[in-house]
2 protein chains.
Amino acid sequence: MTARTSPEAAREIPEATVARLPVYLRALTSLTEAGTATCSSEELAAAAGVNSAKLRKDLSYLGSYGTRGVGYDVEYLRYQIAREIGVTQDWPVVIVGIGNLGHALANYSGFRSRGFRVVALLDADASRHGELVAGVAVRPFDDLAAIVRDNDVAIGVIATPAPAAQDVADRMVEAGISSILNFAPGVLSVPEGVDVRKVDLSIELQILAYHEQRKAQQARPDGSVDEVPVPLVEQGLVDQGRVS
Amino acid sequence: MTARTSPEAAREIPEATVARLPVYLRALTSLTEAGTATCSSEELAAAAGVNSAKLRKDLSYLGSYGTRGVGYDVEYLRYQIAREIGVTQDWPVVIVGIGNLGHALANYSGFRSRGFRVVALLDADASRHGELVAGVAVRPFDDLAAIVRDNDVAIGVIATPAPAAQDVADRMVEAGISSILNFAPGVLSVPEGVDVRKVDLSIELQILAYHEQRKAQQARPDGSVDEVPVPLVEQGLVDQGRVS
DNA sequence: AGGAGTTTGTGAACGCGAGAACAAAATCTG
DNA sequence: CAGATTTTGTTCTCGCGTTCACAAACTCCT
């Protein structure tokens with residue numbers, strides 16, 4: 001692949017766009033599987049669930065990969081996005097905490113198929129060591145540093161209970177990991193230069209609950225609330241019933 | 001006052017704020033467990049991992065629950081936020097798709113402790129029916145409508161493989177569910193008035209990979225790119241037409 | 001009681017992202 | 001080959017969310 005990137009083009013892709021690129025990638029994969037060779041921004045936007053103007057603008061940050069009057073070559077665009085995200089290379093990943101969630105993650109096929117390779121599963125519980133999960137043996141947490149060094153691991157996944165998360169994060173950073181995906185609730189503190197993304201299952205449900213509650217209140221606009229003796233009555237109404 | 005006055009006084013809480021309220025809730029719970037009775041916006045902001053000005057502005061949408069010169073009563077504020085989100089009541093939830101991820105979700109204690117009660121686990125695979133997961137029996141997917149009706153379920157969780165997701169969503173909506181948390185990849189299409197939130201594990205990793213790649217390139221600003229012979233794990237990603 | 005010290009709540013400035021609208025570039029048609 | 005048609009890439013405008021900065025309000029101390 002043309003290793004000649006323009007001398008520090010330094011294209012700064014907006015964070016909101018970066019978050020959508022994987023969605024486009026997935027949509028393009030669907031189109032490929034459906035046998036589509038070419039698509040317009042309208043089609044792709046529909047498949048990705050976004051506005052076509054937004055899609056075009058997002059893609060414009062990567063370069064001009066479309067043809068006016070024609071559209072995009074599905075295969076070509078897919079490769080360009082994959083390259084931009086970095087999933088044309090193989091990313092070794094370690095997962096720490098092999099409880100229910102860790103199991104699910106280790107078995108999740110979406111990782112491998114998207115360029116992520118689980119090179120190690122770690123758990124502090126010695127009774128789990130040696131157990132095979134998705135073909136990978138569970139090893140002691142203390143092996144972390146050696147594993148990271150030997151496999152050049154940059155990305156770590158934390159799936160431990162909350163109390164252990166900060167300690168695991170510290171050890172990961174110490175071992176040289178610079179990107180962390182955290183499933184444990186709570187806030188992680190990490191040094192400058194380390195990226196953390198958090199996924200909190202119960203937060204998502206709570207956001208849904210909020211909107212659900214509003215809908216229920218709206219359907220009953222007499223101001224009556226379920227119980228809540230507390231003053232400060234608020235009547236929920238108005239609502240742009242779309243959460244994204 | 002406030003009883004049946006102008007209803008347009010209803011406070012419209014910004015979406016970004018709604019998404020942070022559960023984080024504050026969690027932070028307040030931590031403070032309570034640590035025995036803290038009162039806290040300043042600085043302390044709470046630190047515990048929640050946000051800027052204190054943002055925290056104060058967020059809270060101001062709920063009302064004036066603090067005391068100037070003093071701070072917030074932890075217990076009181078926690079109740080107010082919980083009430084606003086709606087987690088003072090009990091939300092029945094159904095989970096569809098009891099694979100690895102469904103298992104993990106069913107066992108996730110964070111749901112119950114935050115006002116969500118898993119009333120049913122559904123799976124299309126008959127060989128799983130009757131199996132107990134986290135004390136709840138797995139039942140046929142066709143029981144959905146009856147379960148939703150009998151338990152007044154408003155929230156559904158989809159943890160099936162991607163191809164089944166849209167069908168499950170359709171059936172959920174038909175059964176009367178109006179909020180969906182979707183773990184399956186791909187875009188769900190639902191009617192107006194139904195909220196969908198998506199959690200995509202591989203997308204989070206891809207976002208991390210993008211930033212990780214940037215860090216690597218930045219450390220080596222000569223424009224060189226890693227060798228990348230591109231074995232491309234996924235199906236034919238290969239021959240990208242040509243690079244102009 | 002009054003002044004000093006805190007800390008909240010909010011008005012205002014600012015920056016980023018979303019969407020509309022349009023010009024540029026390619027194909028198609030006669 | 002010229003004009004009509006299609007669709008991209010980009011510019012412009014608007015609204016939302018973040019952050020700053022400060023007045024208001026409360027406590028504490030003398």
Side-chain angles (χ1 to χ4, degrees), chain A residues 9 11-21 23-24 27-28 31 36-74 76-78 80-81 84 207 210 232 234 238-240 242-244, chain B residues 9 11-24 27-28 31 36-74 76-78 80-81 84 207 210 241-242 244:
Chain A
R11 288 160 312 180
E12 186 86 2
I13 300 185
E15 213 27 58
T17 296
V18 171
R20 280 188 295 267
L21 290 180
V23 179
Y24 302 153
L28 286 166
L31 288 177
T36 313
T38 278
C39 70
S40 69
S41 64
E42 285 288 349
E43 292 172 277
L44 182 53
V50 303
N51 175 303
S52 71
K54 196 190 316 197
L55 169 75
R56 289 199 299 277
K57 186 172 231 181
D58 283 342
L59 294 184
S60 77
Y61 291 115
L62 310 190
S64 278
Y65 295 137
T67 307
R68 298 178 193 220
V70 178
Y72 300 93
D73 180 289
V74 173
Y76 179 56
L77 181 59
R78 189 161 79 96
Q80 293 300 338
I81 294 179
E84 190 69 39
I207 295 172
Y210 170 79
L232 242 164
E234 97 284 335
V238 182
D239 178 29
Q240 78 293 9
R242 184 136 300 262
V243 179
S244 181
Chain B
R11 290 161 296 148
E12 181 93 1
I13 299 185
E15 207 33 53
T17 296
V18 171
R20 280 188 295 265
L21 290 181
V23 179
Y24 302 153
L28 287 166
L31 288 176
T36 312
T38 278
C39 69
S40 69
S41 63
E42 286 287 351
E43 293 172 278
L44 182 52
V50 302
N51 175 303
S52 72
K54 196 189 313 198
L55 170 75
R56 289 199 300 276
K57 175 147 272 191
D58 283 342
L59 294 184
S60 77
Y61 291 114
L62 310 191
S64 277
Y65 295 137
T67 308
R68 299 179 192 219
V70 178
Y72 301 93
D73 180 289
V74 173
Y76 180 56
L77 181 58
R78 188 165 76 92
Q80 294 300 339
I81 294 179
E84 190 70 38
I207 295 172
Y210 169 79
R242 46 106 212 165
S244 75

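Below, chains carry the letters A, B, ... as their sequence lines are ordered, and counting in each starts from 1.
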Fill in: Listed partners of R78(B) passing salt bridge (charged side-chain N to carboxylate O under 4.0 Å, His left out), at least two apart
E75(B)
Could you go through nucleotides 8-10 of chain C and list every protein N or O atom that sits under 3.5 Å from one of its N or O atoms, giving the distance for each pair?
| unit_1 | atom_1 | unit_2 | atom_2 | d |
| --- | --- | --- | --- | --- |
| dT8(C) | OP1 | S41(B) | N | 2.5 |
| dT8(C) | OP2 | S41(B) | OG | 2.6 |
| dT8(C) | O2 | R68(B) | NH1 | 3.3 |
| dG9(C) | OP1 | Y65(B) | N | 3.4 |
| dG9(C) | OP1 | G66(B) | N | 3.0 |
| dG9(C) | OP2 | Y72(B) | OH | 2.7 |
| dG9(C) | O4' | R68(B) | NH2 | 3.1 |
| dG9(C) | N7 | R56(B) | NE | 2.9 |
| dG9(C) | O6 | R56(B) | NH2 | 3.2 |

Worksheet item: Can you tell me if the side-chain N/O atoms of N51(A) get under 4.0 Å from OP1 or OP2 in dG17(C)?
Response: no
Response to the item:
With a 4.0 Å cut-off (strictly under) to non-hydrogen atoms of chain B, the first and last hit nts on DNA chain D, 5' to 3', are dG17(D) to dT27(D)
Fill in: L59(B) vs Y65(B), side-chain contact (heavy atoms from CB on, under 4.5 Å): CA-CA, chis, key distance, verdict
CA-CA 8 Å; L59(B) 294 184; Y65(B) 295 137; over 6 Å; no
Worksheet item: Nearest 0.5 Å, what's the OH-CG distance between Y76(B) and L28(B)?
Response: 13.5 Å
Worksheet item: Which of these, D73(B), I81(B), V74(B), sits in a side chain to side chain contact (heavy atoms under 4.5 Å, CB included) with L77(B)?
Response: I81(B)
Discussion item. My understanding is that only residues two or more places apart in sequence, or in another chain, count here; which of them pass side chain to side chain contact (heavy atoms under 4.5 Å, CB included) with A46(A)?
Written reply: none
Item to complete: Apply side-chain contact (heavy atoms from CB on, under 4.5 Å) to the pair E43(A) and L31(A), showing each step before the final yes or no.
Response: CA-CA 10 Å; E43(A) 292 172 277; L31(A) 288 177; 5.6 Å; no
Response to the item:
Applied to residues 51-69 of chain A, the salt bridge (charged side-chain N to carboxylate O under 4.0 Å, His left out) test, sequence neighbours excluded, yields R20(A)-D58(A)
Worksheet entry | Under the side-chain hydrogen bond (donor to acceptor under 3.5 Å, both in side chains) test, residues paired with Y72(B) that sit two or more places apart | none
